[in-house]
Amino acid sequence: MAKNDDITRREFVEGTAVAGAAAAIGPSFMASSAAASALSSVQIVDGASEVTLQVNGKPAAVTVDPHVTLLDALREKLQLTGTKKGCNQGGCGACTVWIDGERVNACMTLAIMQEGRSVTTIEGLSESDELHPLQAAFIENDAFQCGFCTSGQIMSAAKVIEAGAPETTDGLSEAMNGNICRCSAYPQIRAAIRDAAAGKG
Amino acid sequence: MQNFSYARPDTVDSALSLMADHQGAAFIAGGTDMLNRIRDGVSAPGLLIDISRLDLAKVSKDKKRLSIGALTTNTAIAENHIVASEFPLLRDALLSGASPQVRNMATAAGNILQSARCPYFRDVMSACNRRDPGSGCSAIGGTSRKLGVLGVSDQCIAVHGSDFAVALAALDGTVQTVRPGGERCSIKVEDLIRLPEDRPDEATMLAPDELILSIDVDRALAGFSSAYVKTRDRASFGYALVSAAVALTLDEGRVAQARIALGGVAPKPWRARGAEAALVGRAPTEDAIAEAAAQAIVGATPTEDNRYKVDLAARVLTRAIKEALA
């Protein structure tokens, strides 16, 4: 690219004199000549490899190519099919799981990128044979029709409740904006979340 | 998804070395833009260098600057107390974008570097000069309702989809970068994303082996009255049709400083200096605000499909200025 043509648009910060000043305000990083030795320790994974995750509290090893998403690894390798594949592009939320306790779209990350991390799926939401209060509240409120989005809705809603569910309809809808329901059961979904948040699940 | 090799370096140095040694490699962090591009066949990196575990995910400040580590998640920035107290505009812009699930993964630098929004860019069956130089532009003369009206060219009319970058452009934000060998560079966010002109394939100012370390904002701009107003086709979780970021200060009833940028209208975050000049030194009357709004859209070249964006941009900016003053 014609990068040199744009040199006047860039403020170059070169040399050790200013590198120190930049390091003081930026994230810690020291330009060093140790790059070559550091490289030797980086393994390039080319083809299938074993990736160990912590899934629903237990270690789970899967053998996957680098391009396999976390969603596909959960569904196809670990047979945890409660997590659904809807749009497969981060737009619908049917694949919502928790990674290290944060809700994410399992279709938008690679299994290999999550090596060693803790993954929770709908199968691991309730720690006993009893329904989780949100699951019970969804049934009680008839908060689904086809049910395809439901596990994602519930995994997302649990984090909304954990953070303190917004009181207004708009606020709750915004907090749940990453979970689409094509049957449009939104009023019932909001009612279920409110019930579970109030301990009525 | 096509296959690729994968590496997860644990230092910036080793990430840069890997990039220097592997042509066609790409960095991946949050992955929310990159994986969709690979799935759609828009990008085909031979090696993905996973930088997501590098130690670049902190928000800090010194006397002069707020510094947001490149790998800080959108959620972590939005929840950061320094950001909330000094630059609520950044928080408001971030929270207007995507969903909590995506914000939990998407990183600061990845958000800014997200690829262009255009249905033809994402569809490999369509002509696209940005994806396939010289192939033409299916958007021009095609369906262009959501596409650009400012800064576009006869080669490309895509828009940039980042709300965060719009707020950063208004606040004169910069990215601090490094390349193999240690060369460092500071680039204004406003300049980082290039206008398409006759080379829409050159999307950013970054060299292929250049890595963003942090995004910095001058704290002299902290505490400005600000607002981020965004319009979209649905109430939430959508790219902007038009958005406006406004930060200003008043002195004895007159606008002392004004920073304004628009989103959803151009191939990059669009700084509206004409609008700023129309406000500075004047009392923010209806007339002054109307003049600023008119200045913001000077030079617009809409298509039949997206002509509405010109008027909408003026209205969104008018509302944003009023909200910032309220």
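Residue numbering restarts at 1 for every chain, and letters A, B, ... go by the order of the sequence lines.
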Visitor: Which region of A:Thr69, side chain (C-beta onward) or backbone (N, CA, C, O), has a non-hydrogen atom less than 4.5 Å from a non-hydrogen atom of chain B, or is it both or neither?
Guide: side chain
Visitor: Below 4.5 Å from any heavy atom of chain A, which atoms of B:Asn3 appear? Answer side chain, backbone, both or neither.
Guide: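 Looking at B:Asn3, backbone and side chain both touch chain A.
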Visitor: I need the contact set between residues 101-115 of chain A and chain B: heavy-atom distance under 4.5 Å, sorted by residue number.
Guide: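 Answer by number: A:Glu102, A:Arg103, A:Val104, A:Asn105, A:Cys107, A:Met108, A:Thr109, A:Leu110, A:Ile112, A:Met113, A:Gln114, A:Glu115.
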Visitor: Identify which part of A:Asp72 has an atom lying under 4.5 Å from any heavy atom of chain B, answering side chain, backbone, both or neither.
Guide: neither
Visitor: Which pair of heavy atoms, one from A:Asn177 and one from B:Ala98, lies closest together, and at what distance?
Guide: ND2-O, 3.2 Å
Visitor: Supply the atom-to-atom distance A:Cys92 SG to B:Phe237 CZ, rounded to the nearest 0.5 angstrom.
Guide: 9.0 Å
Visitor: Are any of the side-chain heavy atoms of B:Gln101 and A:Asn179 separated by less than 4.5 Å?
Guide: yes
Visitor: Using every non-hydrogen atom in the two residues, find where A:Ala175 and B:Pro100 come nearest and quote the distance to one decimal.
Guide: O-CG, 3.6 Å
Visitor: Taking every non-hydrogen pair under 4.5 Å, which of B:Ile215, B:Leu47, B:Ile28 racks up the most with chain A?
Guide: B:Ile28
Visitor: Just wondering, do A:Ile99 and B:Asn104 contact through their side chains at under 4.5 Å, heavy atoms?
Guide: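 No - every pair of side-chain heavy atoms lies 4.5 Å or more apart.
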Visitor: Using a 4.5 angstrom heavy-atom cutoff, name the option from B:Ala235, B:Ser236, B:Ala20, B:Ala7 with the most pairs to chain A.
Guide: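 The candidate making the most pairs under 4.5 Å is B:Ser236.
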Visitor: A:Asp65, A:Thr96, A:Asn88, A:Asp170: which one forms the most heavy-atom pairs within less than 4.5 Å of chain B?
Guide: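 Max contact count across the listed options: A:Asn88.
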Visitor: Can you tell me which of B:Met1, B:Arg39, B:Gln2 forms the most heavy-atom pairs within a distance under 4.5 Å of chain A?
Guide: B:Arg39
Visitor: Between B:Ser5 and A:Asp46, what is the shortest heavy-atom contact and its length?
Guide: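 Heavy atoms of B:Ser5 and A:Asp46 come nearest at OG-OD1, 3.2 Å.
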Visitor: Looking at A:Arg182, I'd like to know if its CZ atom is crowded, meaning that more than 12 non-hydrogen atoms belonging to other residues, nucleotides or ligands lie closer than 6.0 Å.
Guide: no
Visitor: Counting only heavy atoms not in A:Lys84 (residues, nucleotides, ligands), do more than 12 fall under 6.0 Å from its NZ?
Guide: yes
Visitor: Measure distances from B:Thr32 to the heavy atoms of chain A and classify the residue's part below 4.5 Å as side chain, backbone, both or neither.
Guide: both
Visitor: Please classify the contact between B:Ala203 and chain A as side chain, backbone, both or neither, with a heavy-atom cut-off of under 4.5 Å.
Guide: neither
Visitor: Rounded to the nearest 0.5 Å, what's the gap from OG on B:Ser99 to CD on A:Glu174? Could you check?
Guide: 10.0 Å
Visitor: Tell me, out of A:Gly93, A:Gly91, A:Gly47, A:Ser173, who's got the most heavy-atom pairs with chain B below 4.5 Å.
Guide: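 Top option by heavy-atom pairs under 4.5 Å: A:Gly91.
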Visitor: Of the backbone (N, CA, C, O) and the side chain (C-beta and beyond), which part of B:Leu48 lies under 4.5 Å from a heavy atom of chain A, both, or neither?
Guide: side chain
Visitor: Can you tell me if B:Glu86 has over 12 outside heavy atoms packed within less than 6.0 Å of its CD?
Guide: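 Correct, the count exceeds 12.
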Visitor: When you look at CD of A:Gln79, are more than 12 heavy atoms from neighbouring residues, nucleotides or ligands closer to it than 6.0 Å?
Guide: yes
Visitor: Apply the test side chain to side chain contact (heavy atoms under 4.5 Å, CB included) to residues B:His22 and A:Ile44: give CA-CA distance (whole Å), side-chain angles for both, the deciding distance (0.1 Å), then the verdict.
Guide: CA-CA 11 Å; B:His22 294 83; A:Ile44 293 179; 3.4 Å; yes
